[in-house]
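In what follows, a structure is listed as structure tokens, so that the remarks can point back to it.
First listed ligand is number 1; within each ligand, the first listed atom is number 1. In this chain, numbering begins with 1 at the start of the sequence shown.
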Amino acid sequence: MSTTVAILGVGLIGGSIALALRQNPQIRIVGFDLRQDYLDKALNTGVIHAATTDLQTAVREAKVIFIATPVETIYPLIDQLSELSLAPDVIVTDVGSIKSKVVAYAQQRLPQGVQFIGGHPMAGSHKSGVEAASDRLFENAYYVLTPLAGTPQDGVERLTSLLTATRAKIVVMDPDEHDQIVGAVSHFPHIMAAVLVNQVARFNDQNEWYKRLAAGGFRDITRIASSSPRMWRDILLNNKHHLLKIAADWRNALDEIMAKVETADREQIEEFFRQARDFRDGLPERQKGAMQPLYDLYIDIPDHPGEIGRITTLLGAKQINITNIRILETREDVMGVLRITFRNQQELEKGEELLRYFDYNVYTLG
Ligand SMILES: NC(=O)C1=CN([C@@H]2O[C@H](COP(=O)(O)OP(=O)(O)OC[C@H]3O[C@@H](n4cnc5c(N)ncnc54)[C@H](O)[C@@H]3O)[C@@H](O)[C@H]2O)C=CC1
Ligand SMILES: O=C(O)C(=O)Cc1ccc(O)cc1
């Protein structure tokens with residue numbers, strides 16, 4: 001007998017959870033989204049088994065419901081769920097990047113018999129949408145669960161067992177502690193990345209060399225400024241309390257180091273960078289995950305117009321999804337290398353076989 005899981009919001013995170021869960025043939029995944037075109041894409045690429053834009057149809061038989069929509073939409077969805085007919089002992093969980101407000105809201109609004117367990121998979125991407133989803137997005141990442149005080153242990157165990165398919169490390173945490181820590185290690189850095197980019201953009205209005213020279217380090221530390229503005233707006237507004245405190249602390253720290261610069265305190269400036277380097281170098285490495293180019297295929301391409309379009313058309317015609325594409329080298333009259341990233345090993349192999357058939361020189365590394 002199969003178990004039905006409903007995914008509300010089939011985007012990057014909802015799609016990635018669906019892809020991980022559907023490796024288990026006993027699980028049937030129903031996707032719900034406001035956008036029919038996103039659902040069609042998810043169905044056609046095998047991310048979900050069934051799709052609907054009707055919430056009651058999506059959740060009626062579900063044993064577990066994942067709310068994987070932008071943070072501000074989690075509250076009205078909880079309200080809607082509280083009015084609908086749900087399976088007995090259903091677990092409702094979310095994937096929102098903030099936890100306290102959502103958990104408190106669910107506690108207030110959901111009826112008895114519904115077990116709400118807050119969740120936050122601590123991996124993602126600056127990309128959005130189901131086309132960027134991957135069954136290994138959460139591999140080796142932390143996945144925080146924030147059950148309510150009254151949630152039966154059995155519910156937490158059932159959800160943990162389901163989530164083993166994501167290969168994430170499941171941890172249970174207090175929602176406020178989660179918001180404080182994630183505020184410092186994820187939310188605030190996103191604000192800083194955007195502040196840095198906006199500052200350089202302003203300088204660039206006066207002198208376009210700013211943009212041209214902003215390669216290397218600047219690109220690295222501002223990668224996350226390419227994330228979804230709407231998603232980050234929601235996160236900031238829902239973690240206001242902690243972020244205001246972190247920002248005040250950051251301003252003090254900036255003033256302190258700039259005071260040392262002003263007085264040319266050579267030793268203390270060096271010490272400042274030493275401390276940062278030591279802590280940074282001691283951060284745990286994530287061994288594997290979607291951030292790494294796991295499913296990369298390299299293709300030699302003659303440098304003439306239309307080649308890249310031809311390759312993507314060939315893959316598209318066979319419904320082979322790509323999550324990234326990059327030209328690694330193109331110089332005039334020299335063979336270039338195209339790097340295409342696929343969502344999983346199976347799609348990579350299909351792409352490799354297809355392009356070989358069309359006489360491309362293709363290879364993988366490692
Ligand atoms: N993007 C990331 O790196 C991470 C995001 N999260 C959290 O995951 C959640 C989803 O984010 P993403 O997957 O990145 O977004 P996304 O934009 O890729 O996907 C969101 C999906 O929800 C749908 N949607 C929006 N409002 C809806 C509604 N009212 N009812 C049904 N569907 C609706 C959209 O059409 C879209 O398909 C957010 O709450 C975010 O805080 C958590 C960890 C990482
Ligand atoms: O792209 C990155 O580095 C991220 O920071 C991804 C991310 C975004 C939001 C989250 O709640 C968790 C992880």
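- For the pair Arg35 and ligand 1, the shortest N or O to N or O distance does not fall below 3.5 Å.
- Atom 11 (O) of ligand 1 has Ile13 CG1, 4.1 Å as its closest protein atom, hydrogens excluded (heavy atom only).
- Near Phe32, with a cut-off below 4.0 Å to any heavy atom, the atoms of ligand 1 are 30 (N), 31 (C).
- With a 4.0 Å heavy-atom cut-off, ligand 1 is reached by no atom of Met122.
- Looking only at side-chain heavy atoms (C-beta outward), Asn238 and Val102 stay at 4.5 Å or farther from each other.
- With respect to atom 40 (C) of ligand 1, the closest heavy atom belonging to the protein is Ser97 OG, 3.6 Å.
- Taking both residues in full, the closest heavy atoms of Asp94 and Gly118 are given as OD1-CA, 3.3 Å, listed atom of the first, atom of the second, then distance.
- At a threshold of 4.0 Å, the pair Arg274-Glu271 counts as salt-bridged, since one of the basic side-chain nitrogens sits closer than that to a carboxylate oxygen.
- Taking the side chain as every heavy atom from C-beta outward, Arg251 and Leu254 never approach each other to under 4.5 Å.
- Atom 10 (C) of ligand 1 has Ala68 O, 3.4 Å as its closest protein atom, hydrogens excluded (heavy atom only).
- Across Val95, Val182, Asn238, heavy-atom proximity to atom 7 (C) of ligand 1 is greatest for Val95.
- Contact analysis puts Asp33 in contact with ligand 1, with a non-hydrogen atom separation below 4.0 angstrom.
- With Thr57 contributing its side chain and Thr53 its backbone, the two residues share no donor-acceptor pair below 3.5 Å.
- Counted by atom type alone, Asp40 and Gln36 present one or more donor-acceptor pairs between their side chains at under 3.5 Å.
- Scanning all protein heavy atoms for the shortest distance to atom 15 (O) of ligand 1 gives Leu12 N, 4.6 Å.
- Among protein heavy atoms, the minimum distance from atom 25 (C) of ligand 1 is reached at Pro70 CD, 3.4 Å.
- Using a 4.5 Å heavy-atom threshold, the side chains of Lys350 and Leu315 count as separate.
- Close contacts of ligand 1 with Val71, meaning ligand atoms under 4.0 Å from a residue heavy atom, involve 39 (O), 41 (O).
- Close approach to His120 involves these atoms of ligand 2, each under 4.0 Å from a residue heavy atom: 10 (C), 11 (O), 12 (C).
- When each atom of ligand 1 is checked for a heavy atom of Pro121 under 4.0 Å away, the hits are 43 (C).
- Looking at ligand 1, you won't find any N or O of Gly96 less than 3.5 Å from one of its N or O atoms.
- Residue contact check: Gly124 has heavy atoms under 4.0 Å from atoms 6 (C), 13 (C) of ligand 2.
- Under the 3.5 Å distance criterion, with hydrogens and angles disregarded, no donor-acceptor pair is assigned to the side chains of Asp205 and Tyr210.
- Of all atoms in ligand 2, listed by their number and element, those nearer than 4.0 Å to a heavy atom of His190 are 5 (O).
- Distance check, rounded to the nearest 0.5 Å: CZ of Arg339 to CG of Leu297 gives 11.5 Å.
- Partner of Asp176 under the side-chain hydrogen bond (donor to acceptor under 3.5 Å, both in side chains) criterion, out of Lys99, His241, His242: His242 alone.
- At the shortest separation from atom 2 (C) of ligand 1 among protein heavy atoms lies Met231 CE, 3.5 Å.
- Using a 4.0 Å cut-off between heavy atoms, Ser125 contacts ligand 2 through its backbone alone, with no side-chain atom that close.
- Proximity of Ser134 to Arg343: side-chain heavy atoms (C-beta onward) are separated by under 4.5 Å at one or more points.
- Among Gly119, Gly31, Ala123, Gly9, the residue whose heavy atom lies nearest to atom 44 (C) of ligand 1 is Ala123.
- Rounded to the nearest 0.5 Å, atoms CD (Gln26) and OG1 (Thr3) are 7.0 Å apart.
- Summary of contacts: the protein heavy atom closest to atom 18 (O) of ligand 1 is Gly129 N, 2.7 Å.
- At a heavy-atom distance under 4.0 Å, only side-chain atoms of Ile224, from C-beta outward, approach ligand 2.
- Heavy-atom distances between Ser16 and ligand 1 stay at or above 4.0 Å for every pair.
- Below 4.0 Å from some heavy atom of Trp232 lie the following atoms of ligand 2, by number and element: 8 (C), 9 (C).
- Remark: among candidates Thr69, Ile74, Leu39, the nearest residue to atom 39 (O) of ligand 1 is Thr69, based on non-hydrogen atoms.
- Between Leu338 and Glu307, every side-chain heavy-atom pair lies at or beyond the 4.5 Å cut-off.
- There is a protein heavy atom closer than 4.0 angstrom to atom 32 (N) of ligand 1.
- Between the side chain of Asp33 and the backbone N or O of Leu39, no donor-acceptor pair lies under 3.5 Å.
- For the pair Arg223 and ligand 2, the shortest N or O to N or O distance falls below 3.5 Å.
- Between Tyr298 and Tyr363, the two ring planes are parallel [angle under 30°; tilted spans 30° to 60°].
- Nearest to atom 17 (O) of ligand 1 by heavy atom, out of Gly11, Ala133, Ser128, is Ser128.
- Asn239 and His187 are linked by a side-chain donor-acceptor pair at a separation below 3.5 angstrom, with hydrogens and angles left out of the test.
- Of the listed options Ile7, Leu34, Val10, Leu34 places a heavy atom closest to atom 29 (N) of ligand 1.
- In the vicinity of His126, heavy-atom distances shorter than 4.0 Å reach the ligand 2 atoms 1 (O).
- At least one heavy atom of His120 sits under 4.0 Å from some atom of ligand 1.
- Side-chain contact between Phe66 and Leu162 is present, with at least one heavy-atom pair separated by less than 4.5 Å.
- Using a 4.5 Å heavy-atom threshold, the side chains of Ser227 and His190 count as touching.
- When heavy-atom distances to ligand 1 are checked against a 4.0 Å cut-off, Pro76 has no atom that comes that close, whether in backbone or side chain.
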